[in-house]
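Just the heavy atoms: all of them, side chains too, but no hydrogens, waters or symmetry mates, feed the values below. Quantities reported herein were computed from a predicted structural model and do not represent experimental measurements. Naming: A, B, ... by sequence-line order, numbering from 1 per chain.
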4 protein chains.
Amino acid sequence: MSDIPNDQPLSDAAAGFAKEQLKSFIERIERLEEEKKTIADDIKDVFAEAKGTGFDTKALREILKIRKQDADQRAEHEAIVDLYMQALGMLSPS
Amino acid sequence: MSDIPNDQPLSDAAAGFAKEQLKSFIERIERLEEEKKTIADDIKDVFAEAKGTGFDTKALREILKIRKQDADQRAEHEAIVDLYMQALGMLSPS
Amino acid sequence: MSDIPNDQPLSDAAAGFAKEQLKSFIERIERLEEEKKTIADDIKDVFAEAKGTGFDTKALREILKIRKQDADQRAEHEAIVDLYMQALGMLSPS
Amino acid sequence: MSDIPNDQPLSDAAAGFAKEQLKSFIERIERLEEEKKTIADDIKDVFAEAKGTGFDTKALREILKIRKQDADQRAEHEAIVDLYMQALGMLSPS
DNA sequence: ACATGCAAAGGTAAAC
DNA sequence: GTTTACCTTTGCATGT
């Protein structure tokens, strides 16, 4: 529940600066959130289109999940290989 | 990495078409999910930057939430006004 | 922020009953949370013991993660097989 | 799944021993994680049961949080008292 | 169309 | 300070 830092013993210029910064951060985030929502809506549209073409969305989601898991696991396997190679001194520690 | 089953009583052409369509849907969605993740990461970066500048992220999130609520309320209010105006014949029905 | 249900127009007996019930639920949960914490501590102990024996805990965690992923993926694969079999009418829908 | 690398300059006996140890640690942890999950599920069940009886789970969680804070404060207090007693020679150091 | 249950994502807090 | 795990919340799908 803390507030914006130090607007008491600051010059008006500094306070105004912090205010502008705050406004900037807020607006940047809101802009990005908007873009994110747009993309989320696009995804929904694609699902709807696929459903309209006769595909089962539940199966589609399942496929996407598995493909994601595959990718994750590939990354994990590489991570553990690196870890072992480090342990064997075949790789310089990061 | 198995494909969709093509042992239904479909012509090879139709099966191949469905397969291409499926591939297209999957790839479109995966592409969009990637974009969504990029933006989510961007948002994280902005929060990190704000934190580094001395702002309290929890307070920032609270402000964003309030502003979002306000926006929602405004939208809802306008929707009701439109509805009334439609009912009164002051607006053409959508 | 709602409260315990209906303690206004209830007989003292009913109110007492609700109070006892509440106490019972709270205590059951607190008991379980305690057990959960004990086990979490046990896990930490095993990691510490392994580390003391010369094992790299980071590698251990990596192995555990992969084994978990394997299990999850096996379950997912079975789920999608079922889904396809349903789609092909080889399985009754759940 | 792959094992730990045994191409180090270790005797076969030593390598086999390490392998057994690793397996043991992994299995002990997985066993404990399973138990932890069981208890977490039990807790969920109790919340569900409470909800079914008409209690507001959000309020229940709030009560639990407050009681936990109280317990933590009490524990902290006792720790300080112990510390003082140790300092005064009224308690043997841990 | 609504309401409920479930799954995924994000946020928060703790552990290393 | 970074990462990881838990928990909360939200949105999505399903059924009535």
Side-chain angles (χ1 to χ4, degrees), chain A residues 1-2 29 32-33 36-37 39-48 50-51 55-62 64-66 68-69 72 75-76 79 83 94, chain B residues 29 32-34 36-48 50-52 56-65 68-69 72, chain C residues 1 29 32-33 36-37 39-48 50-52 55-66 68-69 72 75-76 79 83 86 93-94, chain D residues 29 32-33 36-37 39-41 43-48 51-52 56-62 64-65 68-69 72:
Chain A
M1 286 295 159
S2 58
I29 292 168
L32 288 166
E33 299 259 352
K36 190 151 76 87
K37 195 187 181 316
I39 293 178
D41 289 343
D42 288 348
I43 292 172
K44 282 175 92 172
D45 289 346
V46 178
F47 272 112
K51 188 173 192 171
F55 286 100
D56 176 25
T57 56
K58 198 172 174 182
L60 282 180
R61 288 180 195 280
E62 201 68 38
L64 287 162
K65 196 194 278 183
I66 288 180
K68 196 172 183 302
Q69 281 181 349
D72 289 350
E76 284 297 335
L83 212 52
S94 57
Chain B
I29 292 168
L32 288 166
E33 298 260 353
E34 222 172 302
K36 190 153 76 89
K37 197 189 181 314
T38 302
I39 294 178
D41 289 343
D42 288 348
I43 293 172
K44 275 187 162 181
D45 288 347
V46 178
F47 272 112
K51 186 174 191 171
D56 178 47
T57 56
K58 203 170 175 180
L60 284 180
R61 289 180 195 280
E62 208 169 328
I63 292 172
L64 287 162
K65 193 192 283 181
K68 194 173 185 301
Q69 282 175 354
D72 290 350
Chain C
M1 288 296 157
I29 291 168
L32 289 166
E33 299 258 353
K36 189 152 79 89
K37 196 188 179 316
I39 294 178
D41 289 343
D42 288 348
I43 292 173
K44 284 174 90 174
D45 288 347
V46 178
F47 272 114
K51 188 174 191 170
F55 286 101
D56 177 24
T57 55
K58 196 173 175 182
L60 283 180
R61 287 178 195 281
E62 201 70 38
I63 292 171
L64 287 162
K65 195 192 279 184
I66 288 180
K68 195 171 184 303
Q69 281 181 349
D72 289 350
E76 284 297 336
L83 209 53
Q86 275 185 29
S94 55
Chain D
I29 291 168
L32 289 166
E33 299 259 352
K36 190 152 76 88
K37 195 187 181 317
I39 294 179
D41 289 342
I43 292 173
K44 275 188 164 181
D45 288 346
V46 178
F47 272 112
K51 186 175 191 171
D56 178 46
T57 56
K58 202 170 175 181
L60 283 181
R61 289 181 194 280
E62 208 170 327
L64 287 162
K65 192 191 287 181
K68 193 172 185 300
Q69 281 174 354
D72 289 349

Rounded interatomic separation in angstrom, taking [atom1] from [X] and [atom2] from [N]:
X: A/Leu60; N: E/dA8; atom1: CG; atom2: P; value: 14 Å
X: A/Lys58; N: E/dG5; atom1: NZ; atom2: P; value: 17 Å
X: A/Lys44; N: F/dT10; atom1: NZ; atom2: P; value: 15 Å
X: C/Phe47; N: E/dC16; atom1: CZ; atom2: C1'; value: 11 Å
X: C/Asp41; N: F/dA5; atom1: CG; atom2: C1'; value: 15 Å
X: D/Leu64; N: F/dC6; atom1: CG; atom2: P; value: 18 Å
X: C/Glu33; N: E/dA14; atom1: CD; atom2: C1'; value: 15 Å
X: C/Ile43; N: F/dA5; atom1: CD1; atom2: P; value: 10 Å

5'-most by nearest nucleotide on DNA chain E - A/Lys36 or C/Arg61: A/Lys36
Nearest-nucleotide comparison on DNA chain E, the residue closer to the 5′ end among D/Lys51 and A/Lys68: D/Lys51
If you measure from [atom1] on [X] to [atom2] on [Y], what distance do you get to the nearest 0.5 Å?
X: D/Asp56; Y: D/Arg61; atom1: CG; atom2: CZ; value: 10.5 Å
X: A/Ile39; Y: B/Ile39; atom1: CD1; atom2: CD1; value: 3.5 Å
X: A/Ile66; Y: C/Asp72; atom1: CD1; atom2: CG; value: 11.5 Å

Sugar-phosphate, base or nothing in reach of D/Lys37, heavy atoms under 4.0 Å: nothing
Along DNA chain F (nearest heavy atom to each residue), the more 5'-positioned of C/Lys65 and D/Ala40: C/Lys65
Residue pair B/Lys36 / B/Leu32, side-chain heavy-atom distance below 4.5 Å: no
